[in-house]
There are 2 protein chains.
Amino acid sequence: MKPTIYDVAKAAGVSIATVSKVMNNTGNIRDTTREKVKKIMEKLNYQPSLMASALTGKGTETLGLVVPDISNPFFSEMAKTIEDRAHESGMSVIICSTDENTEKEKKYIELLQRKQVDGMIVASTFHDMEILKRVVDQKTPLVMLTQDDAGIGVTSISVDDFKGGLEATSHLISEGHRDIIMIAEYAKSSKFRIYGYIEAHEEHGLEVSEENIFRTVASIENGREVFRKIVQRGIVPTGIFACNDLIAVGVIQEAKEMGLKIPNDLSIVGYDNTILATTTVPGLTTIAQPITEMGNRVVDVIISEIKDKNQTKERILFEPELIIRGTTAVNKMR
Amino acid sequence: MKPTIYDVAKAAGVSIATVSKVMNNTGNIRDTTREKVKKIMEKLNYQPSLMASALTGKGTETLGLVVPDISNPFFSEMAKTIEDRAHESGMSVIICSTDENTEKEKKYIELLQRKQVDGMIVASTFHDMEILKRVVDQKTPLVMLTQDDAGIGVTSISVDDFKGGLEATSHLISEGHRDIIMIAEYAKSSKFRIYGYIEAHEEHGLEVSEENIFRTVASIENGREVFRKIVQRGIVPTGIFACNDLIAVGVIQEAKEMGLKIPNDLSIVGYDNTILATTTVPGLTTIAQPITEMGNRVVDVIISEIKDKNQTKERILFEPELIIRGTTAVNKMR
DNA sequence: ATGAAAGCGCTAACAA
DNA sequence: TTGTTAGCGCTTTCAT
């Protein structure tokens, strides 16, 4: 079936050691031998088994990427840069989508361990840190993306969520909004965005009510649902800060269907600056996370940790950036 | 570091064969022994190496998925269903994004072969069929998604693109449009959509000009660019059929910036019915591909081919469905 | 019911 | 410069 190193060796009339050497460019091989072997490999369409070489101690040249939902543009865009960067370094990526489901999180992490990935990038909301702790204990390089490390001693890469929440909320406040609802996720990253939301209020001497903070899971449908709930409760916000673009889009859609004009009746700020933020009408004002930079960086970090396992763990924060588009405007309701 | 089967065996005071048997539920093991071994595995957090077991002839329980661009919502949504379905069957998925780049296509396919994936799903536009032919020759199950098999004898799953193109164009024609531009991709799937476009014209006794068919690569930016080009050439279409939602969104954006009213000045039909089609304003009229059904089906097919390599190859066509939203309306320009 | 041992495809000493 | 050989962690006969 698939040719092995033995097939190549036999066809070339050399030993498997020689074949191995020409594959890996190690040792001293006579040019003529090298050429001969290469020709045979070509002819047989020989693909050395990564399984076998991994077994001998070499790496698998594979990274595991765990995200909550690959169909969320934020993560698919992130996955794309991560993949590109990884492949530049000769590594491939196994992507797992956990659906924010604790069972799946566990299953996928274990799967990645069994596949002996050289390193793991975890962008998913981990409820059970014990699981991650175990991979760290087994010395598998791990870096957290988009959330901090929760004390398991790994490097983490995220944007300054506190600042992001602060900027988003401050923008709404400065436009004259006073009744600002925040729609957060259950995810860890939301925590700091909430603090930012609170801080912005305090800076302006405004009250914050826990009642104005809603929580849901990222999806357009959930965004719609939460907004419906908000309205049903008789709350009349003029501004909404949604923890991601998906939710923001849901709010936009629902609000429009209710006959609200955006941004005149309702201003909305999203988070992530995904492709969705550019396709809505009006365009979505949002907090940009530098997806490309973060993706590239996380790959660079994980690769350097693979090379040297004892690197100092750091907490890398990128700057969020407020992108003002059309969903926010001066509050004329006051 | 990571415990091996030897560590477990030693700790449990049994042989590795016994450990192997309890892992795989094979052979006859005394209950007490089984329990003892299981307890040790638990305690050591033992994860059997998939590398090692793959080497002994077992599968890798991994599927390779090759797409042109994972950040295109069509493919990320597809990837999500494929992943979900695959994981239900205990298989994981390695996703590769080729960027429609022939080099990368080759690189990734070879990578997947080296990783000994049990099967491959190829949704990417393959220019060099020779490469795919080789994987088929090596008896690796392969199914093509979203494009037909180009004579390499594998099963393919796609929607009836001819019909999709026909319906999209017929819809525009029935709304009174006569100057309909088609923006296609270089991809194989576009070929049939173009035939559909032509057929629709012929059915209505209308002329088709090759000049009205543009080609580009899927992205919002390219959609904008092509539309600019169209306008620059002095062509004034009232209808546009774009081969995917991304391009359609680009057209919408560019047209709006030019001050055109949609759908009054310009009607647009997309293709794919991704999340983007729901977020534009007005909503995008588009041809839906049943992403979930196709994704599930392709996994089922590949898994059954893995189980039995000599299955009859088939060509499975799903039905496209015209989803009418707000970007199309009766042509009032005539 | 359990274990010894061969072998999967490759790497890396070590010999020759 | 090239080849021999002992593993890597696991599965699977075949003995015991």
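All chains are named by letter (A, B, ...) in the order of the sequence lines, taking the proteins before the strands, and each is independently numbered beginning at 1. Hydrogens, waters and symmetry mates are skipped; everything else that's a heavy atom, side chains included, is used.
- Under the side chain to side chain contact (heavy atoms under 4.5 Å, CB included) rule, A:Cys96 has a single partner from A:Val67, A:Leu112, A:Leu65, which is A:Leu112.
- Taking side-chain N and O atoms only, A:Tyr46 has a distance below 4.0 Å to OP1 or OP2 of C:dC10.
- As rounded to whole Å, 18 Å separates atom P of D:dG9 from atom NZ of A:Lys115.
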Problem set entry | salt bridge (charged side-chain N to carboxylate O under 4.0 Å, His left out) assessment of B:Asp118 paired with B:Lys58 | CA-CA 10 Å; B:Asp118 294 338; B:Lys58 287 195 151 187; over 6 Å; no

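- As a whole-Å value, the separation of B:Asn24 CG from D:dG9 C1' is 13 Å.
- Both B:Lys21 and B:Ser53 sit near DNA chain D, but only B:Ser53 has its closest nucleotide nearer the 5' end.
- One atom, CG of B:Asn25, and another, C1' of C:dA1, lie 15 Å apart when rounded to the nearest Å.
- Under a 4.0 Å N-O distance rule, the pair A:Asp128/A:Lys106 does not qualify as a salt bridge.
- Nucleic acid contact for A:Val19: none, since no nucleic acid atom lies under 4.0 Å from a heavy atom of the residue.
- Comparing atom distances between the B:Ile29 side chain and each of C:dT2, D:dG3, C:dC10 picks out C:dT2 as nearest.
- The separation between A:Glu35 atom CD and D:dT2 atom P is 12 Å, rounded to whole Å.
- Residue contacts for B:Ser20: at a heavy-atom cut-off of 4.0 Å it reaches a base atom on one of the strands shown.
- Between B:Gln116 and A:Ser49, the side chains place a donor N or O and an acceptor N or O closer than 3.5 Å (distance only, hydrogens not considered).
- Atom pair A:Met23:CE and C:dG9:P shows a separation of 13 Å (rounding to whole Å applied).
- Between the two ends of the helix from C:dA1-D:dT16 to C:dA16-D:dT1, each summarised by a five-pair axis, the helix axis turns through 40° (rounded to 10 degrees).
- Atom OH of B:Tyr6 is separated from atom P of D:dG7 by 10 Å (rounded to the nearest Å).
- Taking the side chain of B:Ala52 as heavy atoms from C-beta on, and the options C:dT11, D:dC10, C:dT2, the nearest nucleotide is D:dC10.
- Heavy atoms only, all atoms of each residue included: A:Pro141 and A:Glu305 are closest at CG-O, 3.9 Å.
- In this model, the phosphate group of D:dG3 is approached by a side-chain N or O of A:Ser15 to a distance below 4.0 Å at OP1 or OP2.
- The base of D:dG9 has none of its N or O atoms less than 3.5 Å from a complementary donor or acceptor on the side chain of B:Lys2.
- Ion pair B:Asp31/B:Lys38 not flagged as a salt bridge, since none of the NZ, NE, NH1 or NH2 atoms sits closer than 4.0 Å to an Asp/Glu carboxylate oxygen.
- Side-chain contact of B:Ser53 with B:Thr56: a donor-acceptor pair under 3.5 Å is absent, judged by distance alone.
- Residue A:Thr33 is in sugar-phosphate contact alone, with no base atom involved, counting any heavy-atom pair closer than 4.0 Å across all strands shown.
- Residues B:Arg34 and B:Gln116 each lie close to DNA chain C; by heavy-atom proximity, the contact nearer the 5' end of the strand is made by B:Arg34.
- Summarising the geometry, the separation between CE on B:Met41 and P on D:dG9 is reported as 17 Å, rounded to the nearest angstrom.
- We find that CE of B:Met51 is positioned 14 Å from C1' of C:dC10, with the value rounded to whole Å.
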